[in-house]
Amino acid sequence: MTLLEFNGPGLSEEQWKAVRGVATALKPQQALWLSGYFAGLADAARPEAAHAVPAGLPPAAGLSARTLTILYASETGNGAGLARRLADRARAAGLDPLLADMADYKPRRLKEEQDLLIVASTHGEGAPPTSAAGFFEFVEGRKAPRLEGLRYAVLALGDSTYEFFCGAGRRIDDRLAALGAERLRDRVECDVDYDEPAAGWIDAALAALGPVAGAAAAPVPAVPAAPVATVHDRTNPFPAIVIENLPLTGRGSSKETRHVELSLEGSGLTFAPGDALGVMPRNDPALVEALLSALGLSGGETLELKGAETTLGRAFGEGLEITAATPRFLERWAELSGAAALKDLAGDARSAFLRENHVIDIVRRYPARGVDAAALAAGLRPLQPRLYSIASSVTAIPDEVHLTVSTVRYDLNGEERFGVASGQFSRHAGPETVLPVHVQENPRFRLPADDAPIIMIGAGTGVAPYRAFLQEREARGTAGRSWLFFGERNFDSDFLYQTEWQGFLKDGVLSRMNVAFSRDGADRTYVQHRLMEEARDVYAWLEEGAHLYVCGDGAKLAPDVHRTLLAIVEAQGRCGKAAAADYLGALQESRRYQIDVY
Amino acid sequence: MTLLETDRSRDISQPLERLSPDETMKVESDQLRGTIAEGLAAPLTAAVPGDDIKLMKFHGLYQQDDRDIRDERRRQKLEPAYRFMARVRLPGGVLTPSQWLKLDALARDHAGNTLRLTTRQTFQLHHLHKKNLRAVMQGLRDVLLDTKAACGDDARGVMASINPALSALHAEVYTLARAASDHATPKTGAYPEIWYGEERQARGEGPEEPMYGRTYMPRKFKIGFVIPPVNDIDVHAQDLGFIAIVEDGRLVGFNVAVGGGMGRTDQAPKTYPRLASVIGFVAKDRVIETCDAVMGVQRDYGDRADRSRARFKYTVDDKGLDWIKAAIEDRLGFALEAARPYAFTTNGDTLGWQRGEDGREHYTLRVENGRVRNFEAVALFDGLRAVAEAHRGTFRVTPNQNLVIAEVEAADRPAIAALLNAHGLDALNGGSGLRRNSMACVALPTCGLAMAESERYLPVLTDKIDAILAAHGLSDEPITIRMTGCPNGCARPYIAEIALTGRAPGKYNLYLGGGFAGQRLNKMVLENVAEPAILALLGKVIADFAGNRRPGEHFGDFAIRAGHVAEVTEGRHFND
Ligand code: SRM
Ligand SMILES: Cc1cc2nc3c(=O)[nH]c(=O)nc-3n(C[C@H](O)[C@H](O)[C@H](O)COP(=O)(O)OP(=O)(O)OC[C@H]3O[C@@H](n4cnc5c(N)ncnc54)[C@H](O)[C@@H]3O)c2cc1C
Ligand SMILES: Cc1cc2nc3c(=O)[nH]c(=O)nc-3n(C[C@H](O)[C@H](O)[C@H](O)COP(=O)(O)O)c2cc1C
Ligand code: SF4
């Protein structure tokens with residue numbers, strides 16, 4: 001039976017009819033959003049006590065005892081030592097603490113914590129040890145969640161000869177309180193002779209946790225999905241706020257690739273690994289100005305665009321493509337300017353001309369005065385949203401979407417030019433910038449439903465979806481093996497998300513990884529060369545049911561990889577060319593070989 | 001007490017589990033091989049795994065990262081910019097022009113266009129990428145250089161006075177220093193196997209490391225030879241120091257000094273700098289035996305349970321000097337003669353030209369903090385390459401991080417002088433008496449232990465102190481000032497008249513009262529303070545010095561006499 005035949009958990013006939021009525025009339029997006037909406041309502045309605053049950057835990061466990069986590073920030077080991085001592089004492093007291101270095105702890109987990117004991121030392125101007133800098137940035141940053149329901153205590157290590165004595169301990173203690181967490185015990189600030197005060201704090205903190213079993217659970221607040229008035233899609237994009245935007249490429253890189261994080265809070269938007277995000281860019285204000293002055297227009301001229309009244313300035317800014325020119329624009333401008341040279345352009349000559357002359361170049365070379373704004377606008381294409389593979393998993397990181405954007409930058413007629421969207425990310429999209437976005441589903445690029453092994457092949461920004469894949473598998477605790485082939489230019493500067501892959505490998509989320517850096521050695525190695533080196537195992541994985549993914553920029557990647565795969569199958573499978581082609585064809589048929597290149 | 005009676009609960013006689021983890025690491029390393037070869041090949045990181053980092057020190061290699069961009073790269077989700085530093089083994093600091101040219105070439109190809117002269121008379125190549133290490137090591141081998149035991153729990157680079165004037169004596173002492181170095185260098189095949197790709201030799205009879213065994217020394221061990229009256233090597237900072245005794249022009253032997261060292265840790269009173277104690281005299285043909293005896297005592301009785309107490313200086317204080325002397329003599333099989341008289345006047349270098357007794361010329365060039373590269377003002381790196389191309393004598397790296405263009409035939413001096421002048425190198429020997437006697441360790445951005453700037457900051461601070469000195473007409477007064485970025489003491493700060501050791505960015509401890517000839521420890525007068533407080537106090541003491549010093553009285557001696565700081569008579573009391 002389908003969902004709609006199932007008469008809900010104890011719903012009356014009328015209720016069920018009503019629900020069915022609505023449900024059948026819904027678009028998928030709307031249905032998704034409504035599910036969140038109902039969940040929120042239900043959550044809000046629940047009595048306080050019920051919230052003691054932490055996400056994922058069966059009620060029984062939730063009531064019997066609270067979870068205890070011990071985090072430490074330590075540079076020279078003192079704090080680490082004390083944290084270990086604390087953990088031992090906790091175990092002795094019948095508790096089952098999780099002990100972790102802030103360096104290895106995923107701060108997003110804080111939401112789920114119940115009892116938290118922190119040992120933090122201070123280094124430098126009241127700052128935490130560098131290893132804990134990431135944790136502090138998260139907790140002190142705007143992404144930090146509310147922490148009502150969390151009980152905590154802080155032991156601060158320091159040296160009173162420093163100006164900011166125990167600065168880090170103070171900061172984390174105050175911040176957790178500010179986020180709504182309940183302070184179990186006052187902070188103790190230890191000087192270099194920390195043994196006694198630390199021991200005292202350990203006893204006090206453990207005592208404050210209360211009796212082991214049946215500890216009274218503190219309330220967790222309900223977080224109802226804030227009801228939104230509309231459903232967001234391409235025609236009605238969601239205004240997303242940029243919360244992070246920084247270069248992933250290190251100093252000395254020959255290119256720029258950025259990591260962008262956008263907030264989807266309250267959008268009701270959801271997506272699956274493999275989907276892309278559509279981003280509606282704005283043209284560079286400087287370019288808009290330059291174009292207007294080249295045209296001798298003020299920008300105040302009014303015109304109609306998509307059935308709405310607007311000004312030429314706004315149209316240039318948000319409504320029209322004003323960088324690369326189209327044949328249509330060429331014709332239109334030939335008329336407006338009366339430039340004979342433009343009229344005669346045709347065929348290859350015209351294509352070549354259009355490659356070397358964008359709108360602004362044409363307007364400059366063949367000036368025209370008193371141009372009619374509407375007539376001009378009619379010659380320009382409407383500005384299109386740009387697509388970016390989503391680099392994060394909504395399961396692992398709710399309410400956010402991450403992108404990996406490579407900056408398009410080139411020289412034309414002696415000027416440095418930028419791509420509209422990537423240029424905006426590179427220069428005009430600091431935190432708080434608002435960008436209209438929508439989700440572009442991509443059902444042809446999906447993780448296997450089961451634990452089947454996956455082989456991910458990506459060049460440059462092509463690794464973006466694989467970051468989402470692995471986040472998703474980690475969040476779901478999927479056991480399946482995974483193998484990543486990554487290619488870029490230089491190891492030192494272009495190893496996109498290097499520390500994250502290292503982490504995934506350490507935690508076993510990623511089983512294997514091979515890298516090819518084309519500009520490090522004399523001989524140019526690319527991902528397909530690494531594939532070839534691993535031919536035997538690659539084929540073995542495929543035989544064991546592995547799903548194969550190819551993603552990236554550049555038209556060359558997919559064909560090169562495909563040719564290599566053919567060779568691998570032919571050699572390892574000891575079959576002819578045709579059979580190898582059939583082999584890969586069959587994989588594609590069964591959706592086990594998926595390609596997403598742009 | 002007899003040798004048998006001593007407490008052995010913390011030394012090599014104990015089972016590994018009672019000793020520090022590093023001891024187990026050494027035993028399990030298969031004589032320093034570990035998994036270094038595998039680590040070098042790992043493609044996803046420019047670093048090597050944990051224990052290999054420690055093992056590679058025995059091969060003269062330190063894993064580091066560019067700390068200037070560490071945090072930037074963390075945000076960028078890139079691992080730290082891991083690089084390696086290679087320290088060359090160069091007994092007595094003597095090298096040939098062709099060796100210089102090789103180091104120059106390696107530095108240009110792999111080490112960021114810079115060489116670093118060290119306070120123990122050798123070179124460091126920084127910024128080496130893991131994948132280029134073999135190329136660098138094999139390049140060094142081409143000119144008969146290696147990096148064996150430049151770091152690690154073994155005998156470190158052996159020092160020897162540079163002594164331009166006394167040619168014959170220098171030659172004799174230098175030869176002994178070389179012999180001591182070769183004798184005390186680990187013999188494991190790990191080095192040629194890993195770095196030169198040689199096959200592992202089938203071992204014949206006997207252990208791979210006759211002297212070191214499988215656990216090597218408890219900690220680094222430093223040997224130095226000094227020729228009075230110039231204490232350039234700071235013989236009192238050595239674990240084992242040999243003080244040349246010359247009678248009617250002939251080297252007869254050496255006074256033996258044991259248990260020197262600088263390293264300490266802030267807020268850890270059980271750690272402190274200590275000056276080596278002179279325990280007697282040995283004839284010059286007994287030097288190698290003496291090295292074996294002294295190292296043997298430290299190897300067998302040194303503290304292997306607590307690495308912060310594992311240096312020989314603590315063994316000496318824990319066991320007592322008499323016990324140590326007895327233990328050494330027991331191994332020598334003869335009693336040390338009574339120490340002979342000697343005197344030190346300075347621990348600095350005499351800059352500029354000096355004529356040796358054999359008539360050859362030596363030019364001592366000041367290299368600020370040992371940093372050789374092309375600066376805006378002077379192209380030092382290129383200049384020295386030009387000199388090396390023309391030079392037919394040798395070079396000597398001084399213990400003050402300077403460089404001697406040594407053994408220049410009188411006839412060649414004008415040509416060398418012209419080269420120095422053409423590249424503006426001779427101008428580097430100017431500066432105040434303070435600057436000419438200043439020394440800073442490397443610290444940021446390469447040193448993993450640095451808590452504050454040193455090499456990059458001392459010159460700036462010196463400018464400011466120079467202004468104060470000038471105001472009191474003391475610009476030419478020789479005063480030793482040394483700075484380190486942490487308390488480890490790599491520039492031997494605790495025997496300087498003025499010293500600063502880093503605590504945190506922009507914050508230092510200030511010490512006063514060290515001996516001008518390196519004969520006395522200094523003492524902390526300000527803790528964990530910034531520049532203004534440092535300059536204020538120095539201003540006060542310098543003004544007093546200008547007004548009330550006795551004729552010829554050194555700044556450090558004055559600081560104590562005038563009560564600005566208490567005298568430290570023994571390392572044990574440094575922290576009192
Ligand atoms: C290059 C040099 C300073 C300089 O500016 O020249 C140096 C640089 C370093 N020293 Fe040193 N030490 C240098 C002479 C010294 C001296 C002076 C001496 O030996 O005359 C000392 C004090 C004497 C002593 O040993 O007590 C010294 C005491 C230390 C210590 C503290 C040892 C201790 O017993 O506490 C450390 C840290 C350690 O070993 O744990 C250390 C460690 C280091 C390291 C390797 C940091 C590390 O372990 O990761 C530094 C590398 C920095 C860099 O980026 O290059 N270095 N180090 C000197 C190289 C000498 C050589 O050619 O072998
Ligand atoms: C499904 C899909 C997923 C994608 N995923 C990603 C992703 O994850 N990361 C990512 O970075 N990109 C991704 N892209 C590409 C992305 O959508 C944009 O195309 C890209 O960012 C460029 O857009 P832009 O607005 O910055 O440049 P545009 O303003 O579109 O500029 C591109 C135009 O600039 C002109 N131009 C470029 N170079 C020159 C030159 N040398 N001389 C003259 N003219 C030139 C050309 O007219 C070219 O068409 C994806 C695309 C698709 C279809
Ligand atoms: C480089 C450095 C900077 C420090 N800065 C501070 C500081 O600003 N404030 C403070 O209270 N303690 C400071 N300390 C002291 C340490 O916090 C103290 O030694 C603590 O015990 C270290 O704990 P850990 O070993 O867990 O890192 C500093 C220590 C170092 C080495
Ligand atoms: S003194 Fe400290 S900071 Fe300076 S080089 Fe030595 S270890 Fe590094």
Side-chain angles (χ1 to χ4, degrees), chain A residues 75-76 78 103 122-127 130-131 133-134 137 158-164 191-194 244 246-253 257-259 402 404 467 484 486 491-506 510 512-517 520-521 525 530, chain B residues 21 41-47 49 65-83 112 127 129-132 135 265-270 307-308 444-445 448-453 486-487 502-510 524 526-530 533 575:
Chain A
E75 181 89 40
T76 46
N78 301 346
T122 297
H123 286 265
E125 306 296 300
T130 24
S131 59
E137 264 172 5
D159 173 343
S160 53
T161 62
Y162 285 92
E163 185 178 352
F164 301 95
D191 209 331
V192 287
D193 47 359
Y194 55 78
E244 180 97 88
L246 49 80
L248 289 169
T249 40
R251 296 184 181 202
S253 177
T257 302
R258 307 184 70 86
H259 175 70
H402 299 180
T404 314
R467 184 173 181 262
L484 175 59
F486 170 67
F491 174 92
D492 285 334
S493 56
D494 308 335
F495 199 155
L496 308 181
Y497 300 109
Q498 178 183 27
T499 53
E500 295 193 357
W501 308 126
Q502 289 173 342
F504 283 132
L505 282 160
K506 192 153 145 283
L510 180 59
R512 288 173 75 160
M513 181 167 185
N514 293 63
V515 290
F517 292 98
D520 276 347
T525 43
R530 294 285 173 259
Chain B
L44 302 183
T45 172
D65 75 283
D66 183 343
R67 295 181 58 184
D68 285 346
I69 58 171
R70 186 186 282 178
D71 198 53
E72 170 183 306
R73 287 181 63 92
R74 181 184 58 77
R75 291 170 204 285
Q76 296 183 307
K77 308 175 195 296
L78 293 167
E79 70 178 11
Y82 290 115
R83 291 293 184 274
H127 317 297
H129 207 293
K130 180 169 90 173
K131 62 174 192 270
N132 298 327
T265 305
D266 292 310
Q267 310 295 354
K270 64 174 184 172
R307 281 185 71 80
S308 73
L444 296 168
L449 305 178
M451 299 171 184
E453 294 284 350
C486 85
R503 290 297 297 274
K507 298 282 174 53
Y508 298 83
N509 293 350
L510 173 66
M524 185 167 72
L526 287 179
E527 178 166 24
N528 209 349
V529 296
N575 297 311

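Letters A, B, ... are given to chains in the order of the sequence lines, protein chains preceding strands, and every chain is numbered from 1.
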- By side chain to side chain donor-acceptor pair (under 3.5 Å), which residues pair with B/Arg83, not counting sequence neighbours? A/Asp492

- By a 4.5 Å heavy-atom criterion (distance strictly below it), what part of B/Ala81 contacts chain A: side chain, backbone, both, or neither? neither

- Against chain A, label B/Gln267 side chain, backbone, both or neither, depending on which of its atoms sit under 4.5 Å from a heavy atom there. side chain

- So which of B/Glu527, B/Arg503, B/Glu72, B/Lys507 has the biggest tally of heavy-atom pairs under 4.5 Å with chain A? B/Arg503

- Shortest non-hydrogen contact from A/Phe495 toward B/Leu78: O-CD2, 3.3 Å

- Nearest 0.5 Å, what's the CG-CG distance between A/Asp159 and B/Asn528? 6.5 Å

- Query: When rounded to the nearest 0.5 angstrom, what distance separates NZ in B/Lys131 from CZ in A/Phe491?
  - Reply: 8.0 Å

- Proximity breakdown for A/Leu248 and chain B, heavy-atom pairs closer than 4.5 Å: both

- Is chain A contacted by the side chain of B/Arg75, its backbone, both, or neither, given a heavy-atom distance below 4.5 Å? both

- Report yes or no: does A/Thr499 contribute a side-chain atom to a donor-acceptor pair with the main-chain N or O of B/Glu79 at less than 3.5 Å? no

- Do side-chain atoms of A/Glu163 reach the backbone of B/Val529 as a donor and acceptor pair under 3.5 angstrom? no

- Task: Test A/Gln502 against B/Thr45 for side chain to side chain contact (heavy atoms under 4.5 Å, CB included), laying out the working first.
- Result: CA-CA 8 Å; A/Gln502 289 173 342; B/Thr45 172; 3.7 Å; yes

- Of all residues at least two apart in sequence or in a different chain, which pass the side chain to side chain contact (heavy atoms under 4.5 Å, CB included) check with A/Asn78? A/Thr76, A/Leu157, A/Tyr194

- Task: Answer with side chain, backbone, both or neither: which region of A/Glu244 has an atom nearer than 4.5 Å to a non-hydrogen atom of chain B?
- Result: neither

- Message: Just so I understand: if I count every heavy-atom pair under 4.5 Å between each of A/Glu500, A/Met513, A/Arg258, A/Arg251 and chain B, which residue has the most?
- Response: A/Arg251

- Task: Tell me, for A/Phe517 versus chain B, whether the close heavy atoms (under 4.5 Å) come from the side chain, the backbone, both or neither.
- Result: neither

- Query: Can you tell me how far CE of B/Met451 sits from CD of A/Glu75, rounded to the nearest 0.5 angstrom?
  - Reply: 8.5 Å

- Can you measure from NE2 (A/His259) to CD (B/Gln76) and round to the nearest 0.5 angstrom? 12.0 Å

